Number of protein chains: 2
Amino acid sequence: MSGIRVMLVDDQELLRASLRTVLSADERIEVTHDVANGGDAIEVVRRYRLDVVLMDIRMPRMDGVAATAEIVRIAPATRVLMLTTFDDDELVVAAIRAGASGYLTKDVRPAALAQAVCDVASGTSALAPGVAATVLDLVRQVPMRRTAALDGLTPREVEIFGLLARGRSNSEICAELVLSENTVKSHVRAVLQKLNLRDRVHVVIHAYENGLVGRNDLPD
Amino acid sequence: MSGIRVMLVDDQELLRASLRTVLSADERIEVTHDVANGGDAIEVVRRYRLDVVLMDIRMPRMDGVAATAEIVRIAPATRVLMLTTFDDDELVVAAIRAGASGYLTKDVRPAALAQAVCDVASGTSALAPGVAATVLDLVRQVPMRRTAALDGLTPREVEIFGLLARGRSNSEICAELVLSENTVKSHVRAVLQKLNLRDRVHVVIHAYENGLVGRNDLPD
DNA sequence: TGCCGTCTCACCCCTTGGGGTGATGTCGGC
DNA sequence: GCCGACATCACCCCAAGGGGTGAGACGGCA
């Protein structure tokens, strides 16, 4: 059989299991992998050809947006479809800017989910009700729309933001990302300026208040 | 048939659908209702006899803890089993104090979930791995244990903690509390030591992770 | 009475962090 | 080809923060 090859990425095993059931009921779809975090997802993408990655945004280890950016970089033919609890504007924009082909919320009907997987596999887009497909290109093309929470940050800065939000010090960041401390400080300064935050303490507050990190995104 | 009558309460339709599938596979269980929020759940409990309510904690309209309290009040025979993404201490305690008979996280295995439903229906308890059933009574009986997150702090230090969690600098704190900067630094140091936190950034993280401040406890 | 905990404050240290400026190299678009 | 965005790094400055020590005032309690 040559169905659409799909990988599930979600930290909830129960949800992965049920998604597998739901999607496997559609004979066009073949769920070939499921993993619990972004890091594992990237490993799979490196090794296997996939058509669609169904990805949660909120995950431990590596969040969905960063994972999406990495996946579209190393496997441009693979479509990433976000599936998440939140329809938060900033996350939608962040995910789409990272290269996601669609964005569904978890209250989607099972049948609609399967259809959406087929849609993105065929190169079209899938968005939760109300949002038009044209929005995708618009968001990608418009050079600078201020959508507040993370918008305006470069991918690297988003990465830095994530580490700041988890309480990392500059030296820890420069170790984790293999950068010089001066570089880290440059990025941190850019993040503070662009988000109009006073210091890294307020970065953490901003992150939690906007749901950009959640419980269980524990520092270690 | 006279299976265990179960209602599902979760705002994610997809999860409800899959839970229904998973649970219906067990012939001891009969899923008789599913609703999207606590308010609707209470309406159902008023009208029908139920054995087990499988309840998410995070929901719009009426949260799971409040709904649980109301359900055990109006239908003491009905067992409430929390099913949630978080295994956060405060939420566990809150749910159990509200009268929940069990607390599972969503990474539970499908088979274990079905078994847990049967367990609570028969009057026993179900807790996520590692937590003993005896904890339930203990938690309910102990009058008021400061849930460790702020344990050991003096009143003044708790006050300082609150300001730290909202992103205040030392100078702002000394202005707000009319103290010398040296005093503020002493208190801050005490807070960091007692909670075993590295710096004020981690104080903010600690506060959010333990639900000591929430959304909308905005800095200003 | 003396002891202890708490709150207050002072002085010292030095690392960390925020802010400014500027210089590379690379990449993609016009 | 040029230009802008991005990422990288280097220097500078200095305020803010974390850490140690010690000490005076006040209250409760044995």
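Residue numbers begin at 1 in each chain, while the letters A, B, ... track the order of the sequences. For the numbers below, each heavy atom of this structure counts, side chains included, while hydrogens, waters and symmetry mates do not. Just so we're clear, the structure is a prediction, and the values are computed from it rather than from any experiment.
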* On DNA chain D, check which nucleotide each of Ser169(B) and Gln193(B) is closest to and give me the residue with the more 5' one. => Ser169(B)
* For the residue pair Thr183(A) and Ser180(A), confirm or rule out a side-chain donor-acceptor distance under 3.5 Å. => yes
* Between C1' of dT15(C) and CG of Asn170(A), the distance in whole Å -> 12 Å
* To do: Would you mind reading off the distance between Lys194(B) atom NZ and dG19(D) atom P, rounded to a whole angstrom?
  => 15 Å
* **Under 3.5 Å donor-acceptor, Asp10(A) side chain and Glu13(A) backbone** => no
* Is any side-chain N or O of Ser180(A) closer than 4.0 Å to OP1 or OP2 of dA10(D)? -> yes
* Asked: Any donor-acceptor pair under 3.5 Å joining the side chain of Arg189(B) to the base of dG18(D)?
  -> no
* **Separation of dT16(C) C1' from Glu172(A) CD (nearest whole Å)** => 12 Å
* Asked: Should Val53(A) and Val44(A) be marked as a side-chain contact (heavy atoms from CB on, under 4.5 Å) after you check the CA-CA gap, both sets of side-chain angles, and the distance that decides it?
  -> CA-CA 10 Å; Val53(A) 176; Val44(A) 172; over 6 Å; no
* To the nearest Å, how far apart are His187(B) NE2 and dG18(D) P? -> 15 Å
* Report the distance from atom CZ of Arg156(B) to atom P of dG27(D), rounded to the nearest whole Å. => 16 Å
* Among dC9(C), dT8(D), dG18(D), the one nearest Leu179(B) by side-chain distance -> dC9(C)
* Asked: When you measure from the side chain of Arg79(A) to the backbone N and O of Leu54(A), does any donor-acceptor pair fall under 3.5 Å?
  -> no
* Asked: Starting at the 5' end of DNA chain C and moving along, which residue's nearest nucleotide shows up first, Pro155(B) or Glu181(B)?
  -> Pro155(B)
* dC9(C) phosphate, OP1 or OP2: any side-chain N/O from Thr183(B) under 4.0 angstrom? -> yes
* Structure fact -> Rounded to whole Å, NE2 of His202(B) lies from P of dG18(D) at a distance of 11 Å
* Asked: Between the base of dC7(C) and the side chain of Ser186(B), is there a donor-acceptor distance below 3.5 Å?
  -> no
* Atom-to-atom span, CZ of Arg200(B) to P of dG19(D) - whole angstrom -> 11 Å
* How would you label the contact of Asn182(A) with the nucleic acid (heavy atoms, under 4.0 Å): base, sugar-phosphate, or nothing? -> base
* Asked: Separation of Lys185(B) atom NZ from dC11(C) atom C1', in whole Å?
  -> 10 Å
* Could you tell me whether the side chain of Leu195(B) reaches within less than 4.5 Å of the side chain of Val191(B), counting heavy atoms only? => yes
